[in-house]
Chemist: 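The structure that follows is given in the form of structure tokens.
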Amino acid sequence: MNEAIKLEYTISDDDFTRAGEASGDLKDKLKKMGVDPAVIRKVVIAMYEGEINMVIHANGGKITVTITTDEIIMELADKGPGIPDVKLAMQEGFSTAPDNIRSLGFGAGMGLPNMKKYSDEMTVETQQGVGTTVTMKVKL
Amino acid sequence: MGAEFYHSVHLDVELCKGCINCIKRCPTQAIRVQHGKAKIIKEYCIDCGECIRICPHHAKSATYDSIDILKKYEYTVALPAPSLYAQFNNLDDIDIVLSALKSFGFDDTYEVSAAAEMVSEMSRNYIKKHREDAPFISTACPTVVRLIRVRFPNLLDHLLPFAAPVELAAQIAVKNAMEKSGLPREKIGIIFISPCPAKVTACKDPIGNTYSEVDGVIAIKDIYPLLLPHMKSVASDPEKCSVSGRIGVGWGNSGGESAGLLTDNYLAADGIENVIRVLEDLEDQKFGDLEFIELGACNGGCVGGVLCVENPYVAQSKLKKLCKYLPISRNHLGDEVPQGALFETEIEYEPVYKIGKNLAESLALMARIDELCKKFPGLDCGSCGAPTCRALAEDIARGFAREGDCIPLLKESILSLSETISPNQ
């Protein structure tokens with residue numbers, strides 16, 4: 001069978017209180033679909049980190065989740081400033097988050113590293129001044 | 001999925017008017033109104049008692065034993081929950097309650113708070129030994145354990161491996177009673193005085209243990225009025241029998257179990273909606289290095305149980321006052337962990353919310369649900385008998401409901417039909 005579903009989420013620009021809604025909704029749906037709880041944990045943490053990044057750095061954006069019987073693909077697209085040095089951004093602890101964000105307990109420099117850690121495959125396409133698209137795959 | 005789902009929360013069909021109060025309040029979306037009557041989906045229900053609180057027609061109630069259960073046994077022991085002590089005005093001595101229980105008809109008492117102090121000590125030791133696996137989640141509230149079992153599979157490993165204090169209390173009470181009375185086990189009745197229906201369920205259908213030593217469960221609200229005259233008559237010279245300290249009695253309030261762990265590195269949440277929020281965040285690993293998570297389904301902790309009589313927050317204050325001059329703890333473990341205090345069996349995930357038999361089927365059904373949701377007005381009005389439009393869509397996909405159950409949609413189609421029949425009206 002070649003079933004697939006697509007879920008789309010719009011991430012609001014700077015409303016922190018709403019960050020995590022998309023990953024929460026996805027978690028609920030994956031549980032109802034009977035996906036392995038260990039896989040759900042990976043997907044939700046990776047997506048939550050991505051959501052937070054989009055709010056902090058990119059004025060929000062769009063997340064498209066495609067679920068098939070083989071894998072879950074999360075595409076996080078924003079029209080933010082882009083990442084000048086992806087290699088540097090992938091280092092644990094490297095952060096460009098402003099102080100007001102850090103005071104909320106975010107911005108520890110673990111966003112992208114955690115996204116990579118919890119997904120089986122991750123690609124980052126970025127162009128300064130245009131935006132960033134992070135694609136994460138988690139195998140089922 | 002192998003579990004049976006016994007419940008003490010129950011519906012009186014005669015009294016049910018088919019309103020939607022309960023379906024909107026139920027935290028696990030376990031109630032539907034069908035053919036004008038509410039129906040509890042037993043796989044989803046966690047016995048939290050919210051529907052009992054909200055039902056304006058008192059159609060929801062808890063099933064528990066009547067006071068007459070005492071007559072069934074030759075020798076009875078009362079196990080009072082600490083929340084019982086919080087129901088009385090100006091109570092300054094627990095012995096008055098315990099003596100009144102004996103004067104009322106029990107042969108002996110054993111305080112659940114005494115066993116709770118041993119569970120506190122076991123928990124302290126356990127957490128110290130297994131710190132790398134923290135945080136640990138309390139298993140004292142049976143509703144929380146049942147909630148985690150059906151909804152938070154990733155957190156099952158974090159549950160403390162101990163049965164609730166009432167189970168340990170029951171085992172000690174059995175031993176004491178057999179020694180004191182010389183009677184065989186079956187002639188002894190171990191009766192728990194409970195603040196909530198979830199504890200009734202936990203005694204009748206335990207999770208983590210194969211059986212419970214509790215023979216009967218009676219409600220605080222039933223025994224409360226019967227105890228008052230006895231309390232008056234024993235008040236001047238109660239028998240000295242309380243063996244609880246501040247830690248054990250404090251378990252009745254939210255935060256009390258945590259206080260017994262003698263650490264500041266804990267979180268205590270009460271009220272079922274708050275509990276769910278904490279569990280969601282905990283599952284997403286949003287907390288730092290907490291050692292312990294105390295969760296109680298009722299507002300204020302066990303004092304907020306639906307079978308209590310006093311306002312939960314007034315009860316909290318009373319319990320605090322009662323604890324004030326008690327020694328910290330008066331019950332300590334011997335050399336070994338008491339038998340039966342530990343769970344005998346592992347608690348397994350029960351994926352009751354799963355929609356398809358396999359992933360492919362689930363995907364197809366989820367697509368259908370999303371499609372239906374787009375069609376529905378999104379009012380979550382409850383007129384169809386499901387708590388939200390999405391819940392109705394899921395019910396339809398599962399084959400339990402029909403699109404025509406959506407009243408606003410039905411109204412629309414009737415309107416358009418009447419326009420087709422007589423376009424000029």
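Labels below follow one simple rule: chain letters A, B, ... track the order of the sequence lines, proteins then strands, and each chain is numbered from 1.
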Chemist: Given a strict heavy-atom distance threshold of 4.5 Å, which part of Gln285(B) is in contact with chain A: side chain, backbone, both, or neither?
Modeler: side chain
Chemist: Between Lys354(B), Lys357(B), Arg151(B), which residue shows the highest count of heavy-atom pairs closer than 4.5 Å to chain A?
Modeler: Lys354(B)
Chemist: Given that the side chain runs from C-beta out, which part of Ile45(A) has a heavy atom under 4.5 Å from chain B: side chain, backbone, both or neither?
Modeler: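 Side chain only.
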Chemist: Checking heavy atoms, do the side chain of Arg368(B), its backbone, both or neither come under 4.5 Å from chain A?
Modeler: neither
Chemist: For atom CD of Gln128(A), decide whether the heavy atoms of other residues, nucleotides or ligands shown that lie under 6.0 angstrom number more than 12.
Modeler: yes
Chemist: Is any side-chain heavy atom of Phe136(B) closer than 4.5 Å to a side-chain heavy atom of His130(B)?
Modeler: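 SC-SC contact between Phe136(B) and His130(B) confirmed.
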Chemist: Rounded to the nearest 0.5 Å, how far apart are CD1 of Ile63(A) and CG of Leu26(A)?
Modeler: 9.0 Å
Chemist: Between Ile355(B), Leu365(B), Ile369(B), Asp281(B), who has the most heavy-atom pairs with chain A when the cutoff is under 4.5 Å?
Modeler: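 If we count pairs closer than 4.5 Å to chain A, Ile355(B) comes out on top.
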Chemist: Thinking salt bridges, do Lys375(B) and Asp370(B) make one under a 4.0 Å N-O criterion?
Modeler: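 No, this pair does not count.
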Chemist: Hey, mind stepping through Glu371(B) and Lys374(B) against salt bridge (charged side-chain N to carboxylate O under 4.0 Å, His left out) and telling me if it holds?
Modeler: CA-CA 5 Å; Glu371(B) 208 177 283; Lys374(B) 279 182 200 142; over 6 Å; no
